[in-house]
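These notes concern the structure reproduced below.
Residue numbers begin at 1 in each chain, while the letters A, B, ... track the order of the sequences. Values in this document were obtained by computation on a predicted structure and should not be read as measured data.
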2 protein chains.
Amino acid sequence: MPRAEPSEAVSPDTRTRLLDAAEHLFAENGIARTTLRQITASAGANLAAVNYHFGSKRVLLHEVFARRIQPVNEDRLARLDRVERDAGDEPPPVEDILRAFLTPAFLMKSSGTRHDFLRLMGRAHTEPTGELREVVFAQFGEVVLCFSHAIARALPKLPPSIIQWRLQFAIGAMAFTLANRDAPGPSGPSRHTDAETDEEVLSTLVEFLAAGFRAPAGSAEA
Amino acid sequence: MPRAEPSEAVSPDTRTRLLDAAEHLFAENGIARTTLRQITASAGANLAAVNYHFGSKRVLLHEVFARRIQPVNEDRLARLDRVERDAGDEPPPVEDILRAFLTPAFLMKSSGTRHDFLRLMGRAHTEPTGELREVVFAQFGEVVLCFSHAIARALPKLPPSIIQWRLQFAIGAMAFTLANRDAPGPSGPSRHTDAETDEEVLSTLVEFLAAGFRAPAGSAEA
DNA sequence: GTCTATATCCTGATAGAC
DNA sequence: GTCTATCAGGATATAGAC
């Protein structure tokens, strides 16, 4: 019987090892720059394995995302539901709505300890793979719609178009932050700062975005 | 004498046509997916032209950015300077600081009418080209530092680490918005909304971010 | 400076033995 | 299911005529 902990050489099925390796390499080096040879080598599998198990690199890419995104989005909607139920008649505070949206992406306690997918998730909103955008946004768009409605209820004075834009800004801030966690380069704010936990960063982001959403519309018109 | 307007077939030097074509294609299809063949064909030049004028694809890429980034960053610092001078003794409002940072990227009146570079600029913060990040952030990091100091003066109660993070969020919102202007897919908020001008989007972003920066630190601690 | 033609390499994908 | 060996295509880059 193999050991239970999910370390490297413990070898679940080849299929799973390929997914893990691809997830890691996609996050680390970007999707376009990652080759099947790197993936199979890192997974301890043969070059032909990708084609046997998935048929093509693109299908592999889709599977990498499908494996993680669905739980995250379900978690988002479940948290939103709970936040709205807990609030009773009143609409819940924006902080809670935003936290319901952001927490699943930041924490990812579900399915796997590693945080490779966090950066990959940031990449998903970011890379111009065309193909990928459709897959990601297919499920994502529906979730965004639910949250924009929730925010509209919480902030009834905001025009819908403003809410759409602010959500866009929020997603951008989230994606950029996720994509740059542990990334090299001077973009990460904390090189000298003591390392923040994910929860602290999340709280910092929530309070920033919540204040942005609460801004009265039109306060900075030209 | 050729016509003055910068339309397609008017042909400045081959070198400039190559830069323009590369800028356009990089913005449209991403950097990794753009080939030298596409660039030279689009520029009406020969495949060998890139190598003759630039030596390699990477140098071409760097030149594409260097041509635009420096003016943008100089513009940012100049606007920041003016904002701070106009404010006299008091620190200027955050809105003005943010606007000084964002306007040059959003408007780009300087050097060229086309807005291809706007999306490319979004991509620059986004694509994991490794190589590119260094080039971009080399100058960019200095500019960010100036603005973070300006914000620290405007909002003296904020701890520096919080300012760093909020700047990170702001850059993410900016980059994401720039990268997705005119992009396909459901990520753009305005499919049914009437088309906003760049100035309107800019104002919407400024008021959102300013409110975020003004949020008291620690208001959303866990 | 610009072209044609080509060298060299690496990619994703496949055929077929085991 | 996994391997070896290889294909066909496209990438960057270069050599050398004009």
A:Phe54 CZ to D:dT2 C1', in whole Å, measures 15 Å
Of B:Arg15 and A:Ser56, the one whose nearest nucleotide on DNA chain C sits closer to the 5' end is B:Arg15
Rounded to whole Å, CG of A:Leu36 lies from C1' of D:dT6 at a distance of 16 Å
CG of A:Leu205 to CZ of B:Phe169, rounded to nearest 0.5 Å, is 4.5 Å
Taken to the nearest whole Å, CG/B:Leu47 to C1'/C:dT2 is 12 Å
Whole-Å distance, A:Asn46 CG to D:dT4 C1', equals 8 Å
Is B:Thr14 near enough to C:dT2 that one of its side-chain N or O atoms lies under 4.0 angstrom from OP1 or OP2? yes
note: A:Tyr52, atom OH; C:dA17, atom C1'; distance rounded to Å ~ 15 Å
Atom CZ of A:Arg37 and atom C1' of C:dC9 are separated, to the nearest Å, by 11 Å
Touch class at under 4.0 angstrom, heavy-atom based, for A:Thr40 against every strand present: nothing
note: B:Leu61, atom CG; D:dT12, atom C1'; distance rounded to Å ~ 14 Å
- Message: One thing to verify: whether A:Arg33 and A:Glu28 come together as a salt bridge, which I'm taking to mean a side-chain N less than 4.0 angstrom from a carboxylate O.
- Response: no
- Task: Quick one: label A:Ala48 by what it contacts on the DNA or RNA (base, sugar-phosphate, nothing), any heavy atom closer than 4.0 Å.
- Result: base
*Is there a side chain to side chain contact (heavy atoms under 4.5 Å, CB included) between A:Gln168 and A:Ile171 once you walk through the steps?*
CA-CA 5 Å; A:Gln168 178 102 164; A:Ile171 292 170; 5.7 Å; no
Closest to the side chain of A:Asn51, out of D:dT12, C:dA13, D:dG1, is C:dA13
When rounded to whole Å, the CG to P distance for the pair A:Leu18 and D:dC3 reads 10 Å
Can you tell whether the side chains of B:Asp96 and B:Arg82 come within less than 4.0 Å, N to carboxylate O?
no
